[in-house]
Amino acid sequence: MTETLDIKITKTTHSRLAETDFDNLPFGKTFSDHMFVADYADGEWKNLQVIPYGEIGLSPAISALHYGQSFFEGLKAYKHADGKVTIFRPDKNAIRFNKSAERLCMPTLPEEIFLQSMAAVVDLDREWVPSKPNHALYIRPFMFATDPYLGVTPSATYKYMVICGPVGPYFSKTLRVKIETYYTRAAEGGMGYAKAAGNYGSAMLPSRKAAEEGFDQLIWTDAKEHKYVEEMGAANAMFMLDGKLITAEAKDTILDGVTRDTVIALAKEWGIEVETRKVSVAEIIEGAKTGKLTDAFGAGTAATIASVGSISVDGEEYFLSDPKTREFSQKVLATLDAIKYGRAEDTHGWNYLVG
Ligand SMILES: *Cc1c(COP(=O)(O)O)cnc(C)c1O
């Protein structure tokens with residue numbers, strides 16, 4: 001049995017729940033009533049507490065602002081028909097959280113703090129977990145350096161926080177994507193496998209340029225040759241080619257996605273051959289031309305399964321089949337949803353019960 005941590009709880013005296021429009025939830029704009037905060041100092045995590053959501057005071061010299069010692073996680077809590085609230089596979093995020101921490105010379109966080117901090121906020125804010133289909137409470141744990149010191153050296157103090165907000169579907173349409181062959185997201189030896197804040201800042205210019213060209217997302221390619229497909233925006237790129245599920249191997253440059261891992265596990269159970277390997281742009285385009293590419297999607301917690309409608313490279317656009325007719329991604333999405341929302345038996349033990 002894991003010990004129950006001592007988390008101090010201060011409840012809000014003014015809930016914003018009643019004034020929140022649950023029919024209009026643009027991603028990341030609405031926050032629930034409470035948040036979790038803990039401080040790292042003298043080599044340990046302390047002051048574990050849940051407090052009302054709100055602004056925090058910080059020195060303008062913190063290393064997180066100047067040198068990017070900052071990273072995050074993203075998970076979702078789902079409401080079942082019987083009122084139960086569960087978080088999907090948070091143990092996986094706990095492991096990845098610490099991989100990110102180590103890459104950025106930041107302290108790791110004990111798994112119990114990671115799990116119980118989220119559970120504490122979500123339980124207190126369980127009325128904020130939407131019950132509508134395709135809706136969830138998005139959970140954002142993050143850590144950042146707080147030393148008020150401009151020296152380029154790892155901070156000695158940090159904050160770990162969790163904020164949450166109700167969300168609806170992330171993408172409402174089939175995506176028009178572009179294969180990026182100039183900019184890179186991650187290089188070997190870099191920090192692509194970490195959910196580091198800096199990775200997202202550097203992706204903004206290429207993403208904006210792609211948007212200006214009319215694309216919804218871009219598919220990153222390897223930094224060396226731009227020959228191999230890596231990720232799709234902030235989701236893992238997955239393809240069904242010639243009856244096999246293929247996706248890039250989760251090494252240096254690839255974020256080891258929980259959704260990716262879950263899709264792979266389900267595919268294997270269904271007897272589908274899975275290949276995690278280098279996936280070349282050439283074979284994807286060839287597959288799109290011959291029709292052997294029967295499915296292409298981004299996999300991630302925020303986006304779930306985001307279908308790709310067309311792939312463009314070097315000014316040429318290749319259209320794929322109507323997503324509604326795609327057997328694999330439709331089945332994967334339906335299965336995932338059934339498990340997350342408690343309509344199917346959770347035979348894998350993926351749902352973490354809150355409260
Ligand atoms: C978060 C993220 C993913 C998806 O990971 P999940 O654990 O499935 O949410 C994939 N790629 C990048 C770059 C990400 O930031």
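Below, all heavy atoms of this structure are taken into account, side chains as well, without hydrogens, waters or symmetry copies. Start at 1 with the first residue, then count along the sequence.
Remark: the backbone N or O of Ala234 is not paired with any side-chain donor or acceptor of Trp220 at under 3.5 angstrom. A distance-only check finds a donor-acceptor pair linking the side chain of Arg140 to the backbone of Glu73 [under 3.5 Å]. The backbone N or O of Gly190 lies less than 3.5 Å from a partner atom in the side chain of Arg103, making a donor-acceptor pair. In terms of modelled atom types and a separation under 3.5 Å, the side chain of Ser155 and the main chain of Thr157 share a donor-acceptor contact. Within the 3.5 Å criterion, the main-chain N or O of Gly151 finds no donor-acceptor partner in the side chain of His66. Here the side chain of Asn351 pairs no donor or acceptor atom with the backbone of Thr86 at under 3.5 angstrom. Distance alone, capped at 3.5 Å, places no donor-acceptor pair between the Gln116 side chain and the Thr4 backbone. A donor-acceptor pair under 3.5 Å is formed between the side chain of Arg260 and the backbone N or O of Ala248. Looking at Asn236, its side chain does come within 3.5 Å of a backbone N or O of Leu255 through a donor-acceptor pair. No donor-acceptor distance shorter than 3.5 angstrom exists from the side chain of Glu112 to the backbone of Leu5, with no hydrogens or angles considered.
When all heavy atoms are compared, the tightest approach of Ser70 to Met106 is N-SD, 3.9 Å. Taking all atoms of both residues into account, the shortest heavy-atom contact from Ala77 to Val85 is CB-CG1, 4.0 Å. Of all heavy-atom pairs between Pro141 and Gly74, the closest is CD-N, 4.3 Å. Considering every non-hydrogen atom in both Ser63 and Gln69, the closest pair reads OG-OE1, 3.4 Å. In plain terms, the two heavy atoms of Pro323 and Gln330 that are nearest each other are O-NE2, 3.1 Å.
In the hydrophobic clustering of this structure, Val177 groups with Ile246; members are Ile, Leu, Val, Met, Phe, Trp, Tyr whose side-chain heavy atoms approach within less than 4.5 Å, directly or through other members. Linking ILVMFWY residues whenever their side-chain heavy atoms come closer than 4.5 Å, directly or via other members, leaves Leu353 and Val162 in distinct clusters. Both Leu124 and Val122 are assigned to one and the same hydrophobic cluster, defined by single-linkage of ILVMFWY side chains at heavy-atom distances under 4.5 Å. Tyr228 and Val279 end up in different hydrophobic clusters when Ile, Leu, Val, Met, Phe, Trp and Tyr side chains are linked at under 4.5 Å. Under a hydrophobic-cluster definition in which Ile, Leu, Val, Met, Phe, Trp and Tyr are linked whenever side-chain heavy atoms come within less than 4.5 Å, directly or via other members, Tyr40 and Ile7 are assigned to the same cluster.
Taking the charged nitrogens against the carboxylate oxygens, Arg176 and Glu317 do have a contact shorter than 4.0 Å, which makes a salt bridge. For the pair Asp222 and Lys278, the salt-bridge criterion is not met [side-chain N within less than 4.0 Å of a carboxylate O]. Salt bridge annotation for Lys84-Asp82: present, with a cationic side-chain nitrogen under 4.0 angstrom from a carboxylate oxygen. The pair Lys244-Glu283 does not meet the salt-bridge criterion, since no charged nitrogen lies less than 4.0 angstrom from a carboxylate oxygen. Using a cut-off of 4.0 Å between Lys/Arg side-chain N and Asp/Glu carboxylate O, Glu230 and Arg185 are scored as not salt-bridged. A salt bridge links Asp123 with Arg126; the closest basic N to acidic carboxylate O contact falls under 4.0 Å.
Distance CZ/Arg208 to CD/Glu213: 13.5 Å, rounded to 0.5 Å. If you take NZ on Lys289 and CG on Leu293, they are separated by 13.0 Å, rounding to the nearest 0.5 Å. To the nearest 0.5 Å, atoms OG (Ser15) and NE2 (His34) are separated by 8.0 Å. In this structure, SG in Cys164 is found 13.0 Å from NZ in Lys76, a value given to the nearest 0.5 Å. Distance CG/Asn98 to CG/Asn93: 11.5 Å, rounded to 0.5 Å. If you take CG on Asn199 and CD on Glu231, they are separated by 9.0 Å, rounding to the nearest 0.5 Å.
Surrounding NZ of Lys324 are at most 12 heavy atoms belonging to other residues, nucleotides or ligands under 6.0 Å away. Around OH of Tyr149, the count of heavy atoms belonging to other residues, nucleotides or ligands within 6.0 Å does not exceed 12. Other residues, nucleotides and ligands place more than 12 heavy atoms under 6.0 Å from the CD atom of Glu249. For Glu345, the CD atom sits in a loose shell: 12 or fewer heavy atoms of surrounding residues, nucleotides or ligands are nearer than 6.0 Å. Within a 6.0 Å radius of CD in Glu19, other residues, nucleotides and ligands contribute more than 12 heavy atoms. Other residues, nucleotides and ligands place no more than 12 heavy atoms under 6.0 Å from the CG atom of Asp42. Within a 6.0 Å radius of NZ in Lys132, other residues, nucleotides and ligands contribute more than 12 heavy atoms. When the shell of 6.0 Å around CG of Asp6 is examined, it contains 12 or fewer heavy atoms from other residues, nucleotides or ligands.
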Worked verdict on Phe27 versus Tyr138 for ring pair (Phe, Tyr, Trp, His ring centres under 6.0 Å): CA-CA 9 Å; Phe27 182 86; Tyr138 184 77; 4.9 Å; yes

Intermediate values then yes/no, side-chain contact (heavy atoms from CB on, under 4.5 Å), Val167 and Leu25: CA-CA 6 Å; Val167 294; Leu25 295 168; 5.6 Å; no

Salt bridge (Lys or Arg N to Asp or Glu O under 4.0 Å) between Asp256 and Lys92, worked out: CA-CA 10 Å; Asp256 189 0; Lys92 296 286 286 178; 5.3 Å; no

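Considering only heavy atoms from C-beta on, Val37 stays 4.5 Å or farther from Asn47 through its side chain. With contacts defined as side-chain heavy-atom distances shorter than 4.5 Å, the pair Val229/Phe239 qualifies. Within the 4.5 Å cutoff, the side chain of Ile219 has heavy atoms near those of the Ile179 side chain. A 4.5 Å side-chain heavy-atom check between Glu127 and Asp125 finds every atom pair outside the cut-off. Residues Trp270 and Lys331 have side chains in contact (heavy-atom distance under 4.5 Å, counting atoms from C-beta outward). Counting heavy atoms from C-beta outward, Thr247 and Val263 have side chains that stay 4.5 Å or more apart. Within the 4.5 Å cutoff, no side-chain heavy atoms of Val332 are placed close to those of Thr262. A heavy-atom distance below 4.5 Å is found between the side chains of Trp45 and Leu109.
Between Phe31 and Tyr53, the ring planes lie parallel to each other; the angle is under 30°, not in the 30° to 60° tilted range. Ring orientation note: the planes of Phe114 and Phe97 are tilted relative to one another, at an angle of 30° to 60°.
In this model, a donor atom of one side chain and an acceptor atom of the other lie less than 3.5 Å apart for Asp295 and Ser329.
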